[in-house]
Amino acid sequence: MSTEPDAAAPPRIGFFAHYLSVWVALCIVAGIALGHALPAVFEMLAAAEVQHINLPVAALVWLMIVPMLLKVDFAQLAGVHHQARGIGITLLVNWAIKPFSMALLGWLFIRHVFAAWLPVGQHDAYIAGLILLAAAPCTAMVFVWSRLCGGEPNFTLAQVALNDTIMVVAFAPIVALLLGVASIHVPWGTLLLSVLLYIVVPVIAAQLWRGWLLRRRGQAALDTTLHRIDPWSTAALLATLVLLFGFQGEAILAQPLIIALLAVPIIIQVYLNAGIAYGLSRWLKVPHCVAGPAALIGASNFFELAVAAAISIFGLRSGAALATVVGVLVEVPVMLSVVRIVNRTGHWFDRKPVPAPADI
């Protein structure tokens, strides 16, 4: 066994995050039960919307997203050229492969392989939900995954900042293109409003807050604030799930097989895109400390944005919303398995760390 410090004391995922799938499952059960027991309450919550944007869910999504975006330092973009190969691989997978591979998998499984077991009227909505799930790379949990595989922190931070910047301008066009290819009506007004509400405004708000903390009180204050508000994201996510499954409860009780069937293309695309990023990293001789997070960033999804956009565009009770929620359910266990694979195959790579640039 190695006696190196990083091997002797591997990073650990927190107890709550480690069992996130358990809490998600409990919220699913609670949501279905509450939706069945209190239908009038959920009808009232569903009616609280403006321009198809559900206000309770919008508030919860902000609580999910802003603490994550507060961690992102866009100044890190100045150093992306120091890790050009790893950045290039992840950008290729995130923006040129993953959304399109998910559209293909959705078409294959929803319209063909599983078509007979899924409600015919929801096929398009399920595919749309899968596309929304894959069209935005994860911005939060990748910090956890990267740490668990000994990832180079500056690379991870720079890649997340770059992805967030691209997402502001690329998310809507990619989603619209793929939904159009799948012959699904694209409500452009709602889609653009979702991008504004769930990407542009939270990014600006988080960066203004971050800048104020650093100017007035320094890095220690930012760290303290991040520690205090970090539980907001998980709590808001779980509350959102209770709402979603409260609205979806009757459909799920009628056909529980839907959850398992929707999980299949999601799981396949995670391993497919992680494998592509990891294989390209090895081929291009990228060090393991960059190859690991490159694979994990390439595979994971910004499910908070996907859930919010699905609700805004297709509605709380839609198949699209359900498909994105299934992504939340499978995210943690599947990504933990990718972390294990990355850690067990480190001997394939040069483990020499990438030196951090002086200005990062």
Side-chain angles (χ1 to χ4, degrees), residues 61 64-102 131-147 149 151-175 177-178 194-207 210 233 269-270 272-274 276-278 280-281 286 289-309 324 327 331 335 338 354 360:
V61 169
M64 280 190 271
I65 293 176
V66 171
M68 300 173 187
L69 294 177
L70 193 62
K71 299 176 183 178
V72 177
D73 180 6
F74 285 93
Q76 297 295 329
L77 291 176
V80 296
H81 63 282
H82 293 280
Q83 297 151 6
R85 286 175 296 170
I87 293 286
I89 289 167
T90 312
L91 288 178
L92 174 69
V93 173
N94 280 156
W95 298 106
I97 296 178
K98 186 165 67 172
F100 302 93
S101 65
M102 180 60 99
I131 289 172
L132 287 167
L133 191 64
C138 184
T139 64
M141 287 298 286
V142 290
F143 290 108
V144 177
W145 311 139
S146 177
R147 183 171 176 269
C149 70
E152 213 283 320
N154 285 326
F155 167 78
T156 304
L157 189 57
Q159 182 66 73
V160 168
L162 186 58
N163 276 336
D164 280 350
T165 303
I166 294 172
M167 193 156 37
V168 170
V169 296
F171 178 76
I174 288 176
V175 168
L177 171 65
L178 292 176
S194 297
V195 172
L196 178 67
L197 183 65
Y198 297 124
I199 301 179
V200 178
V201 175
V203 165
I204 294 172
Q207 289 304 302
R210 178 187 176 91
S233 293
Q269 77 95 20
V270 169
L272 172 66
N273 290 291
I276 291 173
Y278 205 51
L280 285 174
S281 296
V286 173
C289 62
V290 170
L296 296 162
I297 295 170
S300 56
N301 303 309
F302 192 176
F303 52 74
E304 296 87 356
L305 173 62
V307 169
T324 57
E331 171 92 358
M335 290 304 297
V338 175
V354 175
I360 291 185

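In this structure A136 satisfies the side chain to side chain contact (heavy atoms under 4.5 Å, CB included) test together with M167, F171, F302, L305, sequence neighbours excluded. Judged as a side chain to side chain contact (heavy atoms under 4.5 Å, CB included), and not counting sequence neighbours, the contacts of I166 are L91, W95, L162, A170.
Closest approach of A274 and A299 over heavy atoms only: CB-CB, 3.6 Å. For the residue pair V270 and M335, the shortest heavy atom distance occurs at CG1-SD, 3.9 Å. Across every non-hydrogen atom of R210 and L70, the tightest pair is NH1-O, 2.9 Å. Counting all heavy atoms, side chain and backbone alike, S101 lies closest to L272 at CB-CD2, 4.0 Å. In terms of heavy atoms, I174 sits closest to P99 at CG2-CB, 3.9 Å. Of all non-hydrogen atoms in F155 and A294, the two that sit nearest each other are CE2-N, 3.8 Å.
Rounding to the nearest 0.5 Å places OG of S281 at 11.5 Å from CD1 of I276. Interatomic distance, CG of N94 versus CG of N301, reported as 9.0 Å (0.5 Å rounding).
Panel note: side chain N273, backbone I97; no donor-acceptor pair is recorded below 3.5 Å. The backbone N or O of Q269 lies less than 3.5 Å from no partner atom in the side chain of K98, so there is not a single donor-acceptor pair.
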